[in-house]
Trainee: 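Before I ask anything, let me first share the structure, which is written out below as structure tokens.
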Amino acid sequence: MPASQTTNEEIAELFEHLGMMLEMKGDSAFKIRAYQRAARTIEELSFPLDQAVADGQKLTGIPGIGKAISEKIHELVTTGQVQTFERVKSELPEGALNLLAIPGIGPKTAVLIGTELGISTIEGVEQAAQDGRLASLPRMGKRAADSILRHIRASRSISSDRTPIGQALSIAEAAMAGLRERDAEISILTPAGSLRRWEETIGDVDLVAITPQPEELGRCLAELPQVREVLVNGPRKTSVIVDPGLQIDLRTGEAESIGAMLQYFTGSQQHNIRLRDFANRMGLSLNEYGITNVESGQVEVFPDEESFYARLGLPLIPPELRAGMWELEAAIEGRLPQLVEPLHLRGDLHLHSDWSDGSDPIETMVATVASMGYEYMALTDHSQGLGVANGLTPDRLAAQREVLRQLQERYDIRILAGSEVDIRSDGRMDFPDEVLAELDVVVASVHNAMSQDRETMTRRVIRAMEHPSVTIIGHLSTRLLGQRPPTDFDLEAVLQAARDTGTALEINASPERLDLKDTHAYRARELGIPLVISTDSHHHSHLSGGRFGVAVARRAWCEPQHILNTMPLDHFRRFITTPKPQRIKVFDDVVATAAPSVPNGHASSQAGA
DNA sequence: GCCGTTTTCGGCCCGACTGTTTTCAGTCG
């Protein structure tokens, strides 16, 4: 590792801020966008840039990163700062960047406030909005000042700036239900934006609607009981903030344009910029109404996204892939993956009953999984060490196996004996080896001492993977979205150990976790590590939540063969009954015999040495 | 600052909404 770490997040933030500062200075809009694009790309990378720099890898193959930005990354990683950044910062009013956090205040207004009023904090702006100083500025007025004040107060009531997708989806569904109740003539009403791309957190909810009375629908949204604040209300676009503090943007349009609308509002912004650039070179211009032939001015409309992309000579690019990374090249070259889908799942390998901290009896869980058409499941109640979760002792575990044997006779689903076994702070397992050896599936997870330093945590997890009975590492980072940060560990070292030991990694589908996260799952797939999508259900109603995990896998460009629990039971059994280091070969065989359309090694080859 | 199916120079996505203005700048996504 480099002497001191610089995370991709820190590097991305530097370029994001550099772009904002250049915007304040009125620099070239294209240069600004180049920095912003680099920031977006770096956030999405599946490998650590500081490591790549230390390894002497070339960065200029990464989309949006050329010579100048590559040099600045080197400078930041090796010296801890970037001269250009420091210089630009010194030329701007103190704290101007702080003001950009206020919705409605952009670079121009921030500089104006900083230079004219000497204000550098959000509180200062609030004060100036109240005492009239803000309204006295050029091109400002009372209404503008009031609007800024409203935005400050609204943003303060939003707990954090991004909402975990599980919560956002519930809020979106409630709003959509309310709209349907008030307008029976809606023909289409669907999420777009980051929600449709299944990002793990959502900045604001985008909805797209087709209805005969668009303006009326905007009014309906503004009048929903959960609406706390109306931000925008125009003929085609309405923005509101709903409880408990999430913005919803509703766009309406004509039925004939739905293909272009969905594409436009699903984004991502970077994907759209690249797609429009691609279209421009064909003499076509894209907007939310259709595709315009620049020369003739003729506009074509599209009934769905598939025909929209087809007009550009492209296959439909699934929303989860529209990150503005490598998906456009893959589409052009016919290398888009055949992404895994919920229907591909044949088993659930991580679920709890009321024997530990679940809330349903074993039979309820078994019956529910069986009714979903799955071929197999593993019951994985907690091990003894997790006292708060009523973890099972070896005796209770043995008793549970007897219950499973009886249930097996009555249900048409293969019930595997499992346990979610605690990884103790030193990496030892929470059951004796002979107990573990009796189980079909061992999910090993960290549940305590989560603040261990990087080295200790890395050693701890690797030691667990080296255990011959450990099948899967559960929720690797232990994060809870918006509540608990991930543990610190060396991802590359852990992934390498997973590959070397033949240990699978779980994509925990619980919407509070989503762990592995998308970029880590992407890297794991590249390295040929078996992945599992499990719900970690603690109630039978959670069992249908696999979709969230499938979304993570899709964002990681996973095809069915990358996911162990898409295998038929006999294949899966061959995997878990093969001794561990050789086990990886069973998995490799499955991947090798599947359709070879996955861009394996694409990211690393682009950035490769 | 990045990038290349016409290019190593000359392009660079596109529109809605708001507020302060009588035609546009700023912000947002």
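Below, read A as the first sequence line, B as the second, and so on, with proteins coming before strands; counting in each chain starts at 1. All values derive from a computational prediction rather than experimental measurement. Keep in mind that the numbers below use all heavy atoms, side chains included, and drop hydrogens, waters and symmetry copies.
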Trainee: Any luck finding a side-chain donor-acceptor pair between Asp50(A) and Thr6(A) under 3.5 Å?
Mentor: no
Trainee: Of all of residues 115-139 of chain A, which get a heavy atom below 4.0 angstrom from DNA chain B, listed by number?
Mentor: Arg139(A)
Trainee: Consider salt bridge (charged side-chain N to carboxylate O under 4.0 Å, His left out). Of Arg162(A), Arg513(A), Lys517(A), which one does Glu200(A) pass it with?
Mentor: Lys517(A)
Trainee: From the set dT20(B), dG29(B), dT27(B), return the single nucleotide nearest to any side-chain atom of Lys108(A).
Mentor: dT27(B)
Trainee: So does Arg335(A) pair up with Glu329(A), basic N to acidic O under 4.0 Å?
Mentor: no
Trainee: Indicate whether OP1 or OP2 belonging to dT27(B) is found under 4.0 Å from a side-chain N or O atom of Thr109(A).
Mentor: yes
Trainee: Looking at dC14(B), dG29(B), dC2(B), which one has an atom nearest to any side-chain atom of Ala68(A)?
Mentor: dC2(B)
Trainee: It should be established whether Ser285(A) places a side-chain nitrogen or oxygen under 4.0 Å from OP1 or OP2 of nucleotide dC14(B).
Mentor: yes
Trainee: From dG26(B), dG15(B), dC17(B), pick the nucleotide closest to the side chain of Asn287(A)?
Mentor: dG15(B)
Trainee: Compute whether any side-chain donor of one residue and acceptor of the other, for Asn293(A) and Glu300(A), lie under 3.5 angstrom apart.
Mentor: no
Trainee: Does a nitrogen or oxygen in the side chain of Arg281(A) sit under 4.0 Å from OP1 or OP2 of dT6(B)?
Mentor: no
Trainee: Side-chain contact test, heavy atoms from C-beta onward, threshold under 4.5 Å: evaluate it for Ile73(A) versus Ile42(A) and give yes or no.
Mentor: yes
Trainee: Contact list please: residues 27-42 of chain A against DNA chain B, heavy atoms, distance less than 4.0 Å, in numerical order.
Mentor: Phe30(A), Lys31(A), Arg33(A), Ala34(A), Tyr35(A)
Trainee: What nucleotide among dC17(B), dG19(B), dT27(B) has an atom nearest to a side-chain atom of Lys237(A)?
Mentor: dC17(B)
Trainee: Counting only side-chain nitrogens and oxygens, does Asn233(A) get under 4.0 Å of the OP1 or OP2 atom of dA16(B)?
Mentor: no
Trainee: Is the backbone of Gln57(A) close enough, under 3.5 Å, to the side chain of Asp55(A) for a donor and an acceptor to pair up by distance?
Mentor: no
Trainee: Counting heavy atoms from C-beta on, name the nucleotide in dA16(B), dT20(B), dG29(B) closest to the side chain of Arg143(A).
Mentor: dT20(B)
Trainee: Got a donor-acceptor contact below 3.5 angstrom from the Ser268(A) side chain to the Arg322(A) backbone?
Mentor: yes
Trainee: Mind telling me whether Phe302(A) and Phe308(A) have parallel, tilted or perpendicular rings, with 30° and 60° as the class edges?
Mentor: perpendicular
